[in-house]
Protein chains: 4
Amino acid sequence: MPATSRRGNRGPAAAAGNRRAILDAARRLFTERGYRVPLSTIAREAGVGQGVLYRHFPTRLDLAFAVFEENFAELEAIAADPGEGAFGRLWSRLLEMTIAESAFVEMVVDARRALPDRGDDRRLLALVEATLPRARAAGLVDPALTADDVLLAQRMVYGVVVTETDPVRVRQAVEGALALLKERALVPAVR
Amino acid sequence: MPATSRRGNRGPAAAAGNRRAILDAARRLFTERGYRVPLSTIAREAGVGQGVLYRHFPTRLDLAFAVFEENFAELEAIAADPGEGAFGRLWSRLLEMTIAESAFVEMVVDARRALPDRGDDRRLLALVEATLPRARAAGLVDPALTADDVLLAQRMVYGVVVTETDPVRVRQAVEGALALLKERALVPAVR
Amino acid sequence: MPATSRRGNRGPAAAAGNRRAILDAARRLFTERGYRVPLSTIAREAGVGQGVLYRHFPTRLDLAFAVFEENFAELEAIAADPGEGAFGRLWSRLLEMTIAESAFVEMVVDARRALPDRGDDRRLLALVEATLPRARAAGLVDPALTADDVLLAQRMVYGVVVTETDPVRVRQAVEGALALLKERALVPAVR
Amino acid sequence: MPATSRRGNRGPAAAAGNRRAILDAARRLFTERGYRVPLSTIAREAGVGQGVLYRHFPTRLDLAFAVFEENFAELEAIAADPGEGAFGRLWSRLLEMTIAESAFVEMVVDARRALPDRGDDRRLLALVEATLPRARAAGLVDPALTADDVLLAQRMVYGVVVTETDPVRVRQAVEGALALLKERALVPAVR
DNA sequence: AATGAATGAGTTTTCATTCAT
DNA sequence: TATGAATGAAAACTCATTCAT
């Protein structure tokens, strides 16, 4: 659904709201229609002019990374919890994101052609490294499980999500993938 | 490199050669420049007119599936071998294809949005089902390994390949993914 | 006036006619509305689609140079005449072109920012060098007049044309400029 | 470099400073990047908002003429000198301006399309008429040289400057042009 | 049957101008 | 009064598809 239709020049005060509306529209449209959805469609759905979209996000990748960034912020908030369950919640949320927003695989593919490393892998790695030791100490995961393993596992789940042709079977396919990885006791399984 | 330069209307005899040249050019360009490479580029590289490309392959997907089909044909030839090593060779070749032609993930993503199921999964499944029992009987794989597991594992490897930003680390990443799956003894590992 | 309105795909046979129509429209619109006239306007006036214009002339400069090239071709034809009057006719036509198509100054300014030397100066220099000696031998011009002088004089006339704000006074201004240069006996004066 | 960074609404007192900063930025950017440089760029470089630029200069031409006006003011100051050398200094400075700010040719071309005569020619003519007689009386210039000749000569130099593709050869080209005009004893030559 | 230019709709991109704060 | 974001009308550019020869 478009943000409430906006008309006329609402002045600079609208900037934050516009940015929000653009990000929401982009997240939704990337998911529904894929990464290549026209920028003009995103602007229209966000209820802003094309120029506003360009002011906020000069390239498609800038927009995509900004949406991605919000996911990261959420994961960082989870990882900031000092409890032993943080890793489990981080992994669970990461799986949900992977399932819900597989459109980002297309973005990654595109980014790979267009850009040098943006360091996103390292940021995610840091979150895992911050939380995994406590889970290990509490006996919640296989002691041999490394942070690299976790990231690799997430990428493997990505592969399953993106190649699943029937949307209603995505969760089931991910369950199957996690079962194949189960020996290393990645927990918890997807809800 | 374009197929040998072609000029003028060479009549029906050229049809097969043209089809061949288009498929070769498409395979190369999909890999090098991604699934969205302009069809006109493929026609040019193949040394044919755009009309010919349309005659042979009315849509981008028809072309992509035809390229994919050649991979299937190769896999089918491997699976036709009645020996106990057929499954291992099938898996090995499947991994190689996954590594070399990850551009097909983009195609699959596109196909998912555009088309009803084309049954490719089922064809691949049939090849695995034809070869896995003999490998299992010969003790070459974990007895609990199912054909579905194998297909799922291949999709997981896809995920790793497509998300690897550094081309020279793709094999290493796949090795890591296979190691995570090793408990089920998928053999052989990637070369 | 637009080339006779054309609709529908007339096939490759239309290519030469389209190129001609585009060049004519571009020459007219550059002169009437300046070098920055929208390419879409040129395409519309030529009676072709935008894509056709792009196929023939990938950039605005390519188009402008092609129009310019036609002027060169005309000058080359004049210079090919072995008679002693060739230089006079060359100079006269060059002045006419300068007066009629001052829009090309804008092009030159633009080209200077966008491109390395295209060698046009040298081509024009060659034409002058081919014809000037015969005129000199026939006593038609000051014996001290060099080909470089001629080119410089033409650039000076350019300056007068482009800075004349009243279109009806352009010829009069050029006459004045030629009078200032008269000691070197550039002949003939503009008609 | 932008004028000292300005933040916040500093009230009417800032108006003069803003005008100054805009003119400086415009002069520099017109020269460096051409007359078509985006107005937003000029505002940014001047350290002011776009609205302020519009308040001071409603159109691009208003801004361009204001920059030009400053040149006039400098020339007027030179012409106000009652000595016999005023004409020489006026001509010399005029040549320098022509060389340094050839971007103004683009402006003139644009103005010609957009505006009725602004009388700039007449203002410059007045300056020459005020100083030339004294130089003539002192025997510093050809007695036959008229003020119209001087203005025409300056426009001719414009033409040479704007058509010179190699920036380092501009002065040399101007020298050549002045040599062609030398019979009328325009002095002094460019430095 | 092959060629390759033409078409034109779709997308991206820019920027002069307006206007809420 | 200054700010700088919003607007939206152009303009530029791309490319899948058609079709005369």
Side-chain angles (χ1 to χ4, degrees), chain A residues 6-19 36-44 47-56 58-60, chain B residues 6-15 17-18 36-44 47-56 58-60, chain C residues 6-19 36-44 47-56 58-60, chain D residues 6-15 17-18 36-44 47-56 58-60:
Chain A
R6 297 146 192 276
R7 286 300 124 202
N9 184 339
R10 293 176 330 296
N18 280 347
R19 194 186 144 94
R36 309 277 175 167
V37 65
L39 295 178
S40 54
T41 302
I42 294 175
R44 180 161 23 78
V48 304
Q50 304 237 126
V52 173
L53 191 150
Y54 271 82
R55 166 180 291 275
H56 286 290
T59 74
R60 183 182 292 276
Chain B
R6 297 147 191 282
R7 291 295 123 204
N9 182 338
R10 289 165 345 291
N18 281 347
R36 309 275 173 171
V37 67
L39 295 179
S40 55
T41 302
I42 294 175
R44 178 160 22 79
V48 305
Q50 288 185 239
V52 173
L53 191 150
Y54 269 80
R55 172 176 302 276
H56 286 292
T59 74
R60 182 183 293 275
Chain C
R6 298 144 192 276
R7 288 300 124 203
N9 184 337
R10 292 175 333 295
N18 281 347
R19 193 187 145 91
R36 309 276 175 169
V37 66
L39 295 178
S40 54
T41 302
I42 295 175
R44 180 160 23 79
V48 303
Q50 302 237 118
V52 173
L53 191 151
Y54 274 83
R55 165 181 292 274
H56 286 290
T59 73
R60 182 183 294 275
Chain D
R6 297 147 191 283
R7 289 298 123 202
N9 182 339
R10 288 164 348 292
N18 282 348
R36 308 277 172 169
V37 67
L39 295 179
S40 55
T41 302
I42 295 174
R44 178 158 25 77
V48 304
Q50 288 184 240
V52 172
L53 192 151
Y54 269 79
R55 172 176 303 277
H56 287 291
T59 74
R60 181 183 293 275

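Each chain gets a letter, A, B and so on, in the order the sequences are listed, and its residues count up from 1. Atom set for the values below is all heavy atoms of this structure, side chains included, hydrogens, waters and symmetry mates excluded.
Between A:N18 and the phosphate of F:dA5, there is no side-chain N or O to OP1/OP2 separation shorter than 4.0 Å. Taking only side-chain nitrogens and oxygens, C:H56 never comes nearer than 4.0 Å to OP1 or OP2 of E:dA5.
Here the straight-line distance linking atom OH of C:Y54 with atom CG of C:L39 works out to 5.0 Å at 0.5 Å rounding. Note that the CZ atom of D:R55 and the CG atom of D:L53 stand 11.5 Å from one another [nearest 0.5 Å].
Along DNA chain F, the nucleotide nearest D:G49 and the nucleotide nearest A:G49 are compared for position; the residue whose nucleotide lies closer to the 5' end is D:G49.
Atom CG in A:L53 sits about 11 Å away from atom P in F:dA6, given to the nearest Å. The interatomic distance linking A:R44 (CZ) with F:dT7 (P) rounds to 15 Å, in whole Å. Regarding A:R55, its CZ atom lies at a distance of 10 Å from the P atom of F:dG4, rounded to whole Å.
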Counting primed atoms, P, OP1 and OP2 as sugar-phosphate and everything else as base, the B/S/- map of nucleotides 10-16 of chain F against protein heavy atoms under 4.0 Å is -SSBBBS

Taking Watson-Crick and G-U wobble pairs with both distances under 3.5 Å, convert DNA chain E into its dot-bracket string, 5' to 3', dots for unpaired and | for cross-strand pairs.
-> .||||||||||||||||||||

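In this structure, C:A43 and C:G49 approach most closely via the heavy-atom pair CB-O, 4.1 Å. When all heavy atoms of D:N18 and D:H56 are compared, the pair lying nearest together is CB-NE2, 4.0 Å.
Residues passing the side-chain contact (heavy atoms from CB on, under 4.5 Å) test with B:S40, sequence neighbours excluded: B:P38, B:Q50.
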